[in-house]
2 protein chains.
Amino acid sequence: MRDGANWSDARRRRASMREVAELANVAISSVSRVLSGHPDVSSDMRERVLEAVAQLEYEPDFLAQSLRRGATLSVGWVIGDISNPLMAAITSGAESVLRGAGYSMLLMNSENDPDLDAAHIRFFQTRRVDGMILSLASERRPSTLEVLSHVDVPIVVVDREVPEHLHASVVRNDHRPGIRAAVEHLVDLGHRRIALITGALDLWPVRERIAGMHEALAGRGITDETITLTGSLSAEHGEAATEEILRMDPRPTAIIAGGNQVLAGCVRALTRHGVSIPGDMSFVTCDEVALSELHTPPIASVGRDTVALGRIAAELLLKRLTGVSEPEMVILPTTFTARASCAPPAAGSR
Amino acid sequence: MRDGANWSDARRRRASMREVAELANVAISSVSRVLSGHPDVSSDMRERVLEAVAQLEYEPDFLAQSLRRGATLSVGWVIGDISNPLMAAITSGAESVLRGAGYSMLLMNSENDPDLDAAHIRFFQTRRVDGMILSLASERRPSTLEVLSHVDVPIVVVDREVPEHLHASVVRNDHRPGIRAAVEHLVDLGHRRIALITGALDLWPVRERIAGMHEALAGRGITDETITLTGSLSAEHGEAATEEILRMDPRPTAIIAGGNQVLAGCVRALTRHGVSIPGDMSFVTCDEVALSELHTPPIASVGRDTVALGRIAAELLLKRLTGVSEPEMVILPTTFTARASCAPPAAGSR
DNA sequence: GATCGTGTCGGTACCGTTTCCAGTTTCGAT
DNA sequence: ATCGAAACTGGAAACGGTACCGACACGATC
């Protein structure tokens, strides 16, 4: 004499496979066979079991399945800073692919701290994820590499360079052509002193962007005027480096911000000092964000498809999760978009 | 005669508690007691077990523990769009708190699709998360509410309003005072026709912002000039609505963008039509982003601490995960920051 | 009529823990 | 010396499934 409402109440204990078996009057193993689509099942059996399943609102326990099968259908995602729109876009791309394949994504923020990278990787390892996607805060931190070498599940590295022996799949952007195009554009406009504000050398994109700038300058026969301000990919460094540039004599006539956080710091400093873009300073940024297109004037930028970056990272991982044992590498392009933030340098500063 | 390298090779099978027990020559249950800090353990026993643990590099299997204990130490996080910086900031705040408490965060993007909301919640339920934090795409979709009523773990809802009977904890912003201050500021500058571009009415912030605007206008004795363009909180709607506003006659003299995506659309449309801010149109946006501060001119905005929003959501969930059975509600403030994007309307349009 | 394959099904040994229960020892108190 | 409680330990039953193995019935085959 139980009423319908209580019978389907959320708080009641969930049914187990054993109860289904008892209700259907069959063996537990038969229930398992029916539910997992095993061929050795008569239609009569299938019907009885499915009816019991429906009546008890049974659903299999994911934990028990995972323990028995040795797979959790989950992947760990270590990211430098989720609140960075770039990283968020990568995450978004990866998440949708993983979700489509039935995997779920465990997210951990490393706050761009290399030590947390290592800690998170270890954590995921004990959490028994089936694979990991990593956007490391530093490629060279020994503790991270040490931990990585003990990981026994497939790894995909996003826009980073890691030692071969880790057997990680990799998806990267080819940052050089984009930067090269940007620098050539500036040089063609008449700029000679171009400053690149960027992060530390333990990140692949940073090294490649610097290399791309050198390539472009060398290609145009300019060898001694490269100005590179490395630091961190943060607004603070962008702001401080811009201040430093503004104090230089002779002053650079163009700035390339090596990331969207750096961009914010640069714009803040330039605005504060009343430096007009592009009148007093030409300006290029790396990685397209809302600000670059909507700024007045719009800011020329070296862009890339970040959602694709995440999507492909997830696809590479899925490949290895479904049997492919050899790691792969995918390189995605970057493209330069000229905008009104670049103009010939003021006559006096040439 | 195995060499050291292979012995510590990552690919070897991980040791189980049984192997530890055999090596230490004790019962499995004793190993468990030592590792879980049970008081009934002799120091001799502890020593033997710990040595075996070290020698085998044993670490407990999280899956088996979860199955046995009935807790997974993981929480599900359903979010409308992770690539929205606002949502990303909330996520960041929540993640760091959860991480600090030993929980991991399962992230699923609903792509602002209410049907995916429901699907994800169900998915998390079968995944056996210990709790969920939800930023629903729609508060009113029956399928979502139906699924929610069957959830048997604690729920926290972020900046949304859900029926009492779901027993969800809630953290929300009080959007009215912020918008009210913004509108009053505009009115005091001389504006009478103020347009609010916002999303659909099935979201708490949308309703509250509209209400806040009405309150402010009524407070100033303006009753018949409220212009509200509801749609979605997207750049497309922001752009289309702005176009519509520009065609109105008499034309509104101020626009309030009801979100950061809307903001992007608005700015794009205004720029394309050569509408100058604040000369031709005063402008306010909701939710601070890089663009609002760094735009020329800087854009006045109704801001809030989004990281705190996420942090408190996580804290509310942790409370309920550690025994507190009654749901709670926390309200966080919003504040208006006046900036150069607001000025008195042009003489002709008063 | 014995043999054999095939389609079904039940029994049971796991997966790796936790925890309860019962048994043994130790030890201070009477 | 004896008793009882407390400290310690091992065995085994869970947790909720999966999958292998063997049993059985049945028809087909020679």
Side-chain angles (χ1 to χ4, degrees), chain A residues 12-53 56-74 102 125-130 152-153, chain B residues 12-53 56-74 102 125-130 152-153:
Chain A
R12 84 169 189 292
R13 212 181 60 72
R14 55 212 312 155
S16 78
M17 196 173 251
R18 192 174 54 77
E19 299 173 56
V20 175
E22 277 168 8
L23 181 60
N25 217 10
V26 298
I28 295 184
S29 49
S30 297
V31 177
S32 177
R33 268 191 296 267
V34 169
L35 262 35
S36 62
H38 193 94
D40 287 356
V41 174
S42 68
S43 57
D44 172 59
M45 166 72 84
R46 187 185 329 277
E47 198 177 329
R48 290 217 319 267
V49 168
L50 289 182
E51 191 183 345
V53 164
L56 295 175
E57 294 182 20
Y58 167 79
E59 42 185 345
D61 186 305
F62 200 80
L63 280 174
Q65 289 182 321
S66 296
L67 175 61
R68 186 58 234 229
R69 295 207 245 247
T72 55
L73 288 180
S74 59
Q125 176 88 349
T126 72
R127 274 261 166 174
R128 317 225 50 171
V129 297
D130 292 345
D152 56 4
V153 294
Chain B
R12 83 169 190 290
R13 212 180 60 73
R14 54 214 309 157
S16 77
M17 197 173 251
R18 192 174 52 77
E19 300 172 57
V20 174
E22 278 168 10
L23 181 61
N25 218 10
V26 299
I28 296 183
S29 49
S30 297
V31 177
S32 178
R33 268 190 296 265
V34 169
L35 263 33
S36 61
H38 192 97
D40 287 356
V41 175
S42 69
S43 57
D44 172 59
M45 165 74 86
R46 188 185 329 277
E47 197 177 329
R48 291 220 316 269
V49 167
L50 291 182
E51 191 183 345
V53 164
L56 296 175
E57 293 181 20
Y58 166 79
E59 43 187 344
D61 187 307
F62 199 79
L63 280 175
Q65 289 182 321
S66 297
L67 175 62
R68 185 56 232 229
R69 295 185 170 141
T72 56
L73 289 180
S74 60
Q125 176 88 351
T126 73
R127 274 261 166 174
R128 317 226 51 172
V129 297
D130 292 346
D152 55 4
V153 295

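Chain identifiers are assigned alphabetically (A, B, ...) following the order of the sequence lines, protein sequences preceding nucleic acid strands; residue numbering begins at 1 within each chain. Below, each value reflects all heavy atoms present in this structure, side chains not excepted, and no hydrogens, waters or symmetry copies. What you see is a predicted model, and the numbers here were worked out from it, not measured in a lab.
If you check every strand for non-hydrogen atoms under 4.0 Å, A:E59 touches sugar and phosphate atoms only.
Counting to the nearest Å, the P atom of D:dT18 and the CZ atom of A:R69 are 5 Å from each other. Rounding to whole angstrom units, CE of residue B:M17 and P of D:dA12 are separated by 18 Å. Computed from coordinates, the B:F62 CZ to C:dT17 P distance equals 12 Å when rounded to whole Å. Spacing between atom CG of B:L67 and atom P of D:dT18 amounts to 12 Å, rounded to whole angstrom units. In this structure, CZ of A:R68 is placed 19 Å from P of D:dA14, rounded to the nearest angstrom. Distance B:R128 CZ to D:dG17 P: 9 Å, rounded to the nearest Å. Spacing between atom CD of A:E22 and atom P of D:dG16 amounts to 13 Å, rounded to whole angstrom units.
Evaluated for a side chain to side chain contact (heavy atoms under 4.5 Å, CB included) with A:E19, the options A:L56, A:I28, A:V31 yield exactly one hit, A:L56. The side chain to side chain contact (heavy atoms under 4.5 Å, CB included) test with B:S32 singles out one residue from B:M17, B:R68, B:H38, and that residue is B:M17.
Contact annotation: B:S29 side-chain N/O to D:dG11 OP1/OP2 distance is not under 4.0 Å. Taking only side-chain nitrogens and oxygens, B:Q65 never comes nearer than 4.0 Å to OP1 or OP2 of C:dG16. At C:dG16, none of the side-chain N or O atoms of B:R18 fall inside 4.0 Å of OP1 or OP2 (strictly under the cut-off).
For the pair A:R33 and A:S16, nearest-nucleotide mapping onto DNA chain D gives the more 5' position to A:S16. Nearer to the 5' terminus of DNA chain C, by closest-nucleotide assignment, is the contact made by A:N25 (compared with the other of A:N25 and B:V31).
Of the candidates D:dT18, C:dT18, D:dG10, D:dG10 carries the atom nearest the B:V26 side chain, counting heavy atoms from C-beta on.
Within the 3.5 Å criterion, the main-chain N or O of A:R48 finds no donor-acceptor partner in the side chain of A:E51.
Residues of residues 35-49 of chain A that place a heavy atom closer than 4.0 Å to DNA chain D do not occur.
Salt bridge absent: A:D40 and A:R33 never bring a charged side-chain N and a carboxylate O closer than 4.0 Å.
Legend: residues meeting salt bridge (charged side-chain N to carboxylate O under 4.0 Å, His left out) with B:E47, ordered by chain and number and at least two apart, are absent. B:R18 pairs by the side-chain hydrogen bond (donor to acceptor under 3.5 Å, both in side chains) definition with B:E22, not counting sequence neighbours.
To the nearest 0.5 Å, atoms CZ (A:R128) and CZ (B:R14) are separated by 4.0 Å.
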